[in-house]
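Below is one structure, written out as structure tokens, with a few remarks after it.
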Amino acid sequence: MCGIVGIVGKNPVNQFLYDALLVLQHRGQDAAGIVTSDGDKLHMRKDTGLTRDVFRTRHMLQLRGNMGVGHVRYPTAGMSSSAEAQPFYVNSPYGIVLAHNGNLTNADDLKRDVFVDDLRHINTESDSEILLNVFAHELQSQNKLRIDEGDIFRAVEGVHRRCRGGYAAVAMIPGFGVFGFRDPYGIRPIVYGKRETEAGTEYMIASESVSLDTLGFELISDVAPGECVLIDVHGNLHTQQCASQPVLSPCIFEFVYFARPDSIIDDISVHKARSRMGKKLAAKIKRVWADHDIDVVIPVPDTSRTAALQLANQLGIPYAEGFIKNRYIGRTFIMPGQKIRKKSVRQKLNAIDLEFRKKNVLLVDDSIVRGTTSQQIIQMARDAGAKRVYFASAAPPVRHPNVYGIDMPAASELIAHGRTERQIERELGADRLIFQDLEDLIEAVQKKGKSLVDRFDTSVFDGVYITGDVTPDYLNDLERARNDHAKQQNSRCDETVLELYNTA
């Protein structure tokens with residue numbers, strides 16, 4: 001999972017790109033990067049770490065120019081490497097910079113084709129570099145010294161023909177402009193907007209609308225599935241549909257967990273969607289557990305607060321904040337090892353005993369992935385004096401891996417994979433466990449059928465992959481790449497290389 005941003009301004013954009021990445025930091029805490037364009041010159045700074053740590057004053061001073069792109073990332077294969085930090089750059093043709101959010105499901109085939117047919121070299125294990133080179137080849141094959149917006153759109157059409165999976169990308173060509181495009185299913189989010197200044201109109205493309213809001217840009221629209229949005233160096237906006245049969249199928253997990261609540265994705269308020277999830281979950285409790293003895297509803301910070309508050313209101317039960325969160329600990333289900341995850345949960349949350357003592361507590365979380373966090377939180381509630389600990393998830397059981405850009409665990413490491421809800425309940429140690437029904441989740445996000453979404457990608461819950469090209473062999477390969485053993489092996493290799501480097 002990553003955050004992307006591109007700006008075409010009338011004044012230097014380095015500070016605005018930095019500020020936008022801070023707002024998008026929740027989408028990636030592993031690495032950050034910015035590339036700006038000053039005439040025909042490109043200036044780059046990228047490294048592993050949080051945005052605030054990657055960019056110092058000396059770096060910002062070097063990022064000159066009135067347009068640029070930025071990126072924050074989580075490692076999509078469980079590794080942390082500065083070589084995989086984005087944006088990526090390729091010099092031919094014209095010099096192209098690209099930042100990407102998502103995952104290409106046919107990356108292995110594309111990598112071979114790029115080398116054998118396109119005669120291009122891929123230097124990292126990142127599919128984002130593959131995407132960049134596919135686009136570069138499609139643009140270069142038009143064999144023009146000077147390009148216009150039509151050439152960009154035709155190159156994006158070529159990308160859509162060749163690439164499979166989920167991808168939202170923002171790219172820049174020095175002296176030409178910045179453009180963003182989205183896969184034909186619109187799986188990953190991307191929006192664009194504008195603001196008026198004394199010098200003229202400035203444009204911004206980003207993963208979420210909240211980054212536009214905080215920088216004073218007015219949201220124009222989401223980039224439609226298959227669409228390309230281009231702002232040239234003179235500040236002219238061009239848009240074109242570049243896919244033959246686009247279908248709006250955004251990832252529903254964005255609304256459950258990843259996106260900020262103050263964002264609007266595909267004309268759906270994330271905050272309102274999570275509020276409706278709480279209502280739906282309360283309705284299920286009334287339906288299947290009418291004689292419940294819940295004394296208090298307590299959310300697991302932070303993303304479950306909206307749903308938990310609405311659930312408590314619907315049930316007429318007191319709502320309380322029972323956990324204090326250390327905001328400097330990252331999201332645990334993406335951390336690289338089980339020992340680190342277990343340690344991080346205890347460091348991340350601390351219980352307020354008074355809210356638990358001698359009470360039957362309903363804990364509400366947005367979802368349950370590995371179960372590591374949930375197990376420890378349930379035990380923390382018991383240690384704080386709760387009589388009984390119930391647990392509710394605003395999402396259905398996560399039984400399948402995500403293949404479109406969220407580095408979820410291998411299927412075998414998902415607590416719901418191969419287990420019934422009662423088995424999960426016992427595994428977590430809860431006195432009762434309640435999951436949201438998938439139909440209710442879809443209806444909650446759909447705004448009662450009023451949204452423009454054709455269908456959601458709900459593959460993590462039902463195993464139905466929207467692109468239709470995910471095979472058992474692909475999932476088996478993914479299992480081998482994502483399991484903790486593989487990640488530990490990669491980590492040891494990285495440590496060995498670093499040790500050799502330091503002693504050389």
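Counting from 1, the numbers follow the sequence of the chain as shown. The structure displayed is predicted, hence computed values, not measured ones.
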Original post:
NZ of Lys387 to CG of Asp293: how many Å apart, nearest 0.5 Å?
Top reply: 7.5 Å

Original post:
Got a salt bridge between Asp266 and Arg182, using NZ or NE/NH1/NH2 to carboxylate O under 4.0 Å?
Top reply: yes

Subject >> salt bridge (charged side-chain N to carboxylate O under 4.0 Å, His left out) involving Arg164 - partner list, sequence neighbours excluded >> reply: none

Subject >> CZ/Arg455: more than 12 non-hydrogen atoms of other groups inside 6.0 Å >> reply: no

Original post:
About how many Å separate CG of Asp267 and CG of Leu248, when rounded to the nearest 0.5 Å?
Top reply: 10.5 Å

Original post:
In Å and rounded to the nearest 0.5 Å, what is the CZ to CE distance from Arg27 to Met1?
Top reply: 5.0 Å

**OP:** Any chance you could lay out the side chain to side chain contact (heavy atoms under 4.5 Å, CB included) test for Val23 and Asp19, step after step, and finish with the verdict?
**Re:** CA-CA 7 Å; Val23 176; Asp19 292 343; 5.8 Å; no

**OP:** Taking the side chain as every heavy atom from C-beta outward, state whether Pro299 and Tyr319 have any atom pair closer than 4.5 Å.
**Re:** yes

Subject >> Atom pair CD (Gln423) and CD1 (Ile415), whose distance is rounded to the nearest 0.5 Å >> reply: 10.5 Å

Original post:
Can you find a pair of side-chain heavy atoms, one from Ser126 and one from Gln86, that are under 4.5 Å apart?
Top reply: yes

Subject >> Residue list, ring pair (Phe, Tyr, Trp, His ring centres under 6.0 Å) with Phe135, at least two apart or on another chain >> reply: Phe179

Return all side-chain donor-acceptor pairs below 3.5 angstrom for residues 396-403, not counting sequence neighbours, or 'none' if the list is empty.
| unit_1 | atom_1 | unit_2 | atom_2 | d |
| --- | --- | --- | --- | --- |
| Arg399 | NH1 | Ala416 | O | 2.7 |
| Arg399 | NH1 | Arg419 | O | 2.6 |
| Asn402 | OD1 | Tyr404 | N | 2.8 |
| Asn402 | OD1 | Gly405 | N | 3.3 |
| Asn402 | OD1 | Ile406 | N | 3.2 |

Subject >> From CA spacing to verdict: salt bridge (Lys or Arg N to Asp or Glu O under 4.0 Å), Glu443, Arg276 >> reply: CA-CA 9 Å; Glu443 188 173 328; Arg276 292 190 291 266; over 6 Å; no

**OP:** Rounded to the nearest 0.5 Å, what's the gap from CG on Asp127 to CG on Leu132? Could you check?
**Re:** 11.5 Å

**OP:** Show your reasoning for whether salt bridge (Lys or Arg N to Asp or Glu O under 4.0 Å) applies to Asp109 and Arg112.
**Re:** CA-CA 5 Å; Asp109 292 339; Arg112 183 185 61 248; 3.4 Å; yes

Original post:
Side chains of Tyr167 and His160: do they bring a donor and an acceptor to under 3.5 Å?
Top reply: yes

Original post:
Do Arg287 and Asp437 pass the salt bridge (Lys or Arg N to Asp or Glu O under 4.0 Å) test, and can you show the C-alpha distance, the side-chain angles, and the key distance before you say yes or no?
Top reply: CA-CA 12 Å; Arg287 187 171 68 250; Asp437 293 334; 3.3 Å; yes

Original post:
Would one find more than 12 heavy atoms of other residues, nucleotides or ligands at under 6.0 Å from atom NZ of Lys284?
Top reply: yes

Original post:
Between Ile368 and Phe435, is a side chain to side chain contact (heavy atoms under 4.5 Å, CB included) present by the stated rule, with each step listed?
Top reply: CA-CA 9 Å; Ile368 303 172; Phe435 283 103; 3.9 Å; yes

**OP:** Please report the C-alpha distance between Asp431 and Arg382 in whole Å, then the side-chain angles of each, then the deciding distance to 0.1 Å, and finally whether the salt bridge (Lys or Arg N to Asp or Glu O under 4.0 Å) criterion is met.
**Re:** CA-CA 11 Å; Asp431 291 302; Arg382 295 194 189 282; 3.1 Å; yes

Original post:
Can you check side chain to side chain contact (heavy atoms under 4.5 Å, CB included) on Ser374 and Phe391, steps first, answer last?
Top reply: CA-CA 9 Å; Ser374 304; Phe391 204 96; 3.6 Å; yes

Subject >> Pair Asp469-Thr105, side-chain donor/acceptor within less than 3.5 Å >> reply: yes

Original post:
Given Lys325 and Lys348, is the side chain to side chain contact (heavy atoms under 4.5 Å, CB included) satisfied, shown in steps?
Top reply: CA-CA 5 Å; Lys325 182 178 181 180; Lys348 183 170 68 173; 4.0 Å; yes

Original post:
Between CG of Leu441 and CD of Gln436, what distance do you get to the nearest 0.5 Å?
Top reply: 6.0 Å

**OP:** State, with a plain yes or no, whether a side-chain heavy atom of Tyr18 is found less than 4.5 Å away from one of Val54.
**Re:** no

